[in-house]
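Both backbone and side-chain heavy atoms feed into the values below; hydrogens, waters and symmetry mates do not.
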Amino acid sequence: MQSSVSFSSATAAAPFGGVKRSAKSSFPVKALYTSTPRTFGDPSVMAAPKWAQKTITLPPQKRGCHLITPKILKEIGEDLSGFKCGLANLFLQHTSASLTINENYDSDVRADTETFLNRVVPEGRSAPWKHTIEGPDDMPAHIKSSMFGCALTIPITDGQLNMGTWQGIWLCEHRDAPTARKVVITLNGI
């Protein structure tokens, strides 16, 4: 649906998709949201939004990048199947590990990524880090965690995570000592 909407620097969006108009500029935009509830399938039935949340514990992994998609799907599969359309948010509750989406087939990609991270972020006694109280691998782990991040958002379509054919969810463990890791998974949609 195309419509012409005008904006100015003093224009504020009105609730539920309405926009205050101004004569300063006008351009076509696609409607991003609307106050009209969406339906799927039978138009006489309105889909009600719903939420699900679960905290899972991943077993300790050695340092490196690990494909965890099967474990995630096993843990949330039953809840996930109840969503026609939505978003899955995965949040890792740690500062020395990270989550990312990447290659799900060739394990060489995970090994090469670990090699890259270790070359980019120096480690050991000659590294310039001040924070060394928890060991020489701790500060590099914090930096690597910040590089990849601790959260992912994945679309849900017809009860499945809507990722590409070769995409998988990775846990990147950046510490030498294996540690169990907790991930909060929140599903929202209809």
Side-chain angles (χ1 to χ4, degrees), residues 1-3 5 13-19 28-61 64-114 117 144-174 179-190:
M1 171 171 87
Q2 291 275 334
S3 64
V5 178
F16 303 110
V19 176
V29 296
K30 288 185 178 180
L32 299 177
Y33 59 94
T34 176
S35 60
T36 306
R38 300 285 187 211
T39 61
F40 288 88
D42 182 355
S44 67
V45 178
M46 184 173 61
K50 60 182 171 177
W51 292 83
Q53 187 174 76
K54 184 176 192 177
T55 299
I56 67 168
T57 301
L58 298 170
Q61 301 281 349
C65 301
H66 307 277
L67 185 65
I68 60 168
T69 312
K71 172 74 172 161
I72 297 294
L73 292 175
K74 180 180 177 186
E75 294 287 339
I76 66 167
E78 189 174 325
D79 287 324
L80 187 62
S81 67
F83 288 86
K84 178 78 175 161
C85 177
L87 294 172
N89 179 270
L90 286 70
F91 179 79
L92 181 67
Q93 295 182 312
H94 302 276
T95 62
S96 58
S98 58
L99 294 174
T100 191
I101 294 177
N102 211 310
E103 170 75 45
N104 69 1
Y105 179 74
D106 187 355
S107 61
D108 286 347
V109 178
R110 294 190 299 276
D112 289 345
T113 301
E114 175 66 11
L117 289 171
K144 293 172 188 178
S145 175
S146 291
M147 289 172 66
F148 281 169
C150 62
L152 300 173
T153 301
I154 304 168
I156 301 169
T157 305
D158 295 327
Q160 297 182 24
L161 296 180
N162 194 346
M163 297 191 298
T165 302
W166 305 111
Q167 290 182 319
I169 303 166
W170 292 8
L171 169 71
C172 301
E173 176 57 65
H174 305 304
T179 304
R181 301 295 190 174
K182 289 187 178 182
V183 180
V184 180
I185 303 170
T186 306
L187 308 177
N188 174 239
I190 53 175

Return the [atom1] to [atom2] distance between [X] and [Y], rounded to the nearest 0.5 Å.
X: L152; Y: L99; atom1: CG; atom2: CG; answer: 5.0 Å
X: L161; Y: I101; atom1: CG; atom2: CD1; answer: 8.5 Å
X: L117; Y: C65; atom1: CG; atom2: SG; answer: 6.0 Å
X: M163; Y: T165; atom1: CE; atom2: OG1; answer: 10.5 Å
X: S81; Y: L73; atom1: OG; atom2: CG; answer: 11.5 Å
X: I68; Y: K74; atom1: CD1; atom2: NZ; answer: 14.0 Å

field: Any pair counted as salt bridge (Lys or Arg N to Asp or Glu O under 4.0 Å), so long as it reaches residues 150-174, sequence neighbours left out
entry: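 Residue pairs with at least one partner in residues 150-174: K84-D158, E173-R181.
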- prompt: Tell me the salt bridge (Lys or Arg N to Asp or Glu O under 4.0 Å) pairs involving residues 86-102, sequence neighbours left out?
  reply: none
message: Counting only heavy atoms not in K50 (residues, nucleotides, ligands), do more than 12 fall under 6.0 Å from its NZ?
response: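 Check passes, neighbour count above 12.
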message: If you count every heavy atom of other residues, nucleotides or ligands that lies below 6.0 Å from Q160 atom CD, does the total exceed 12?
response: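 No - once you tally the heavy atoms of other residues, nucleotides and ligands closer than 6.0 Å, there are 12 at most.
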field: With L171, the side chain to side chain contact (heavy atoms under 4.5 Å, CB included) member among Q61, H94, K71
entry: Q61
- prompt: Of the options N89, L90, L87, which is the one that meets I154 in a side chain to side chain contact (heavy atoms under 4.5 Å, CB included)?
  reply: L90
So do [Y] and [X] actually touch side chain to side chain, heavy atoms under 4.5 Å?
X: L67; Y: W170; result: yes
X: Q53; Y: T186; result: yes
X: F148; Y: T113; result: yes

Nearest heavy atoms of A151 and F91, plus distance in Å: CB-CD1, 4.1 Å
- prompt: For the residue pair C172 and T100, what are the closest heavy atoms and their distance?
  reply: SG-CG2, 4.0 Å
- prompt: For the side chain of S145 and the backbone of A97, is there at least one donor-acceptor N/O pair under 3.5 Å apart?
  reply: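 Checking the backbone N and O of A97 against the side chain of S145, a donor-acceptor pair under 3.5 Å is found.
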- prompt: Could you go step by step and tell me if T69 and N104 meet the side chain to side chain contact (heavy atoms under 4.5 Å, CB included) rule?
  reply: CA-CA 9 Å; T69 312; N104 69 1; 5.5 Å; no
- prompt: Residues in ring-ring contact (aromatic ring centres under 6.0 Å, His included) with Y105, at least two apart?
  reply: W166
Distance-only side-chain donor-acceptor flag, H174 / S98, under 3.5 Å: yes
message: Any carboxylate oxygen within less than 4.0 angstrom of a Lys/Arg side-chain nitrogen, looking at R110 and E114?
response: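 Result for this pair is no, no salt bridge flagged.
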